[in-house]
**Student:** 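Below: one structure in structure tokens.
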Amino acid sequence: DPSSKTHVLLISGREKPRYIKYYATPLERLHDLPPGISDDRLITENIENIRKSVRSGIGVGDEEILLLMVGSGFETKGLDRSLGAVSGLPDRLRKKTKLVVIGRGKTKPFEHMARRLRIFERLIFLGGRDDVPRFMVSADLLLHPARSENTGTVLIEAMAAGLPVLATDVCGYAFYVSAARAGLLIPSPFEQRSFNELLRQMLESPEREAWKHNGMTYVSRNDFFSMPEKAADVIESLAKKANPR
């Protein structure tokens with residue numbers, strides 16, 4: 001309410017105009033916070049050894065393409081869309097591509113879909129894991145064709161790991177991918193053919209090294225780690241104003 005004294009901490013800037021539109025919330029009561037990724041998500045040493053170990057451990061060869069999806073709720077994250085895109089790749093790419101999925105969810109429907117699309121041998125489910133950064137530095141491309149995503153922290157984590165991103169533009173943090181020039185965005189409204197073509201383009205593009213470098217550089221030059229500290233600063237500042245003694 002415009003007359004309320006409540007302050008709002010926003011983890012996604014795209015929500016700000018919605019608060020203003022529907023509740024007429026004054027701008028000074030809306031506080032933006034940086035994305036909150038942990039610095040333990042960064043791996044800077046022994047990357048080549050990690051890459052070889054991870055890939056060999058899941059049966060992905062050095063010359064194969066490892067596409068990575070991270071996140072639970074496979075339907076919302078668009079796993080069916082990714083399966084369709086892998087299926088739609090030209091033979092020369094599809095035969096050397098594997099899609100690795102990390103997260104919790106019902107796998108059976110997507111296994112059936114993969115069999116129907118004749119790419120079941122291209123699909124690897126790993127369940128929930130605590131070592132996601134190891135897979136990010138070992139993969140070739142992050143796929144995140146989500147149907148809805150308030151933020152999409154995984155996009156920032158991928159950029160920090162030097163992993164190019166292909167995501168839908170509905171993700172709250174998708175604009176960071178564009179700002180960093182760390183990958184491509186699938187435009188709305190979503191069309192499978194567009195996704196398929198963008199995936200093919202990215203896998204064949206000479207810009208892959210540039211996307212990798214751009215993402216890492218952008219994260220290193222901006223604040224993506226201090227969400228808790230910034231939230232505490234806002235809370236303490238407001239408390240002092242309310243109780244100046």
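All residue numbers in this chain count up from 1 along the given sequence.
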**Student:** Would you call R200-E204 a salt bridge at under 4.0 Å N-O?
**Tutor:**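 Salt bridge flag = yes for E204 with R200.
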**Student:** With salt bridge (charged side-chain N to carboxylate O under 4.0 Å, His left out) as the criterion, how do R147 and D80 come out once you've worked through the C-alpha distance, each side chain's angles and the decisive distance to 0.1 Å?
**Tutor:** CA-CA 11 Å; R147 289 178 164 82; D80 56 320; 2.7 Å; yes
**Student:** Report yes if some heavy atom in the side chain of T97 is under 4.5 Å from a heavy atom in the side chain of E64; otherwise report no.
**Tutor:**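 Not in contact.
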**Student:** Salt-bridged, E149 to K77, with N to O below 4.0 Å?
**Tutor:**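 The answer is yes: the pair qualifies as a salt bridge.
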**Student:** Decide if atom CZ of R94 counts as having more than 12 heavy atoms of other residues, nucleotides or ligands within a radius under 6.0 Å.
**Tutor:**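 Counting neighbours around CZ of R94, more than 12 heavy atoms of other residues, nucleotides or ligands fall under 6.0 Å, so yes.
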**Student:** Keeping the roles fixed (side chain from R208, backbone from L203), state whether a donor-acceptor pair exists under 3.5 Å.
**Tutor:**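 Looks like yes, one N/O pair under 3.5 Å.
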**Student:** Does any non-hydrogen side-chain atom of L123 lie less than 4.5 Å from one of V101?
**Tutor:**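 They are in contact (side-chain heavy atoms under 4.5 Å apart), so the answer is yes.
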**Student:** Do V100 and M69 have side chains that approach each other closer than 4.5 Å (heavy atoms only, starting at C-beta)?
**Tutor:**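 No. Closest side-chain heavy atoms not under 4.5 Å.
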**Student:** Are L68 and V86 linked, directly or through other ILVMFWY residues, by side chains that come within less than 4.5 angstrom of each other?
**Tutor:**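 Cluster IDs for L68 and V86 differ.
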**Student:** Do S138 and I50 have side chains that approach each other closer than 4.5 Å (heavy atoms only, starting at C-beta)?
**Tutor:**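 Sidechains of I50 and S138: in contact.
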**Student:** Would one find more than 12 heavy atoms of other residues, nucleotides or ligands at under 6.0 Å from atom NZ of K16?
**Tutor:**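 Correct, the count exceeds 12.
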**Student:** Quick one: are R29 and S4 in side-chain contact, heavy atoms under 4.5 Å?
**Tutor:**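 In contact.
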**Student:** Any Lys/Arg nitrogen of K230 or D32 sitting under 4.0 Å from an Asp/Glu carboxylate oxygen of the other?
**Tutor:**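 Here K230 does not pair with D32 in a salt bridge, since their nearest N and O are not under 4.0 Å apart.
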**Student:** Side-chain contact test, heavy atoms from C-beta onward, threshold under 4.5 Å: evaluate it for L126 versus F135 and give yes or no.
**Tutor:**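 L126 vs F135: side chains touch.
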**Student:** Do S12 side-chain atoms and N150 backbone N/O form a donor-acceptor pair below 3.5 Å?
**Tutor:**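 Yes.
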**Student:** Could you check whether R115 makes a cation-pi contact with F120, meaning its NZ or CZ is under 6.0 Å from the centre of the six-membered ring and within 45° of the ring axis?
**Tutor:**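 The answer is yes; both the distance and angle limits are met.
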**Student:** Taking the side chain as every heavy atom from C-beta outward, state whether P2 and T25 have any pair of such atoms under 4.5 Å apart.
**Tutor:**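 When only atoms from C-beta onward are counted, T25 and P2 do not touch, as no gap falls below 4.5 Å.
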**Student:** Starting from the C-alpha separation in whole Å, work towards a yes-or-no answer on side-chain hydrogen bond (donor to acceptor under 3.5 Å, both in side chains) for T217 and N214.
**Tutor:** CA-CA 5 Å; T217 300; N214 291 345; 5.8 Å; no
**Student:** Compute both the distance and the angle, then confirm whether R81 meets the cation-pi test with F190: under 6.0 Å from the six-membered ring centre, within 45 degrees of the axis.
**Tutor:**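 Yes, R81 sits over the ring of F190.
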**Student:** Would you call D62-K52 a salt bridge at under 4.0 Å N-O?
**Tutor:**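 K52 and D62: not salt-bridged.
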**Student:** Are the side chains of F125 and L79 in contact, using a 4.5 Å heavy-atom criterion?
**Tutor:**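 Result yes, sub-4.5 Å side-chain heavy-atom pair found.
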**Student:** Please say whether more than 12 non-hydrogen atoms of neighbouring residues, nucleotides or ligands are located less than 6.0 Å from CD in E229.
**Tutor:**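 Count over threshold, so yes.
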**Student:** Verify the neighbour count for atom CD of E197: are there more than 12 heavy atoms of other residues, nucleotides or ligands below 6.0 Å?
**Tutor:**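 Enclosed: over 12 neighbouring heavy atoms sit under 6.0 Å from CD of E197.
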**Student:** Is the shortest side-chain N to carboxylate O distance from D140 to R51 below 4.0 Å?
**Tutor:**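 Salt bridge flag = yes for R51 with D140.
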**Student:** Take a 6.0 Å sphere around NE2 of H213 and say whether it holds more than 12 heavy atoms from other residues, nucleotides or ligands.
**Tutor:**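 Incorrect, the count does not exceed 12.
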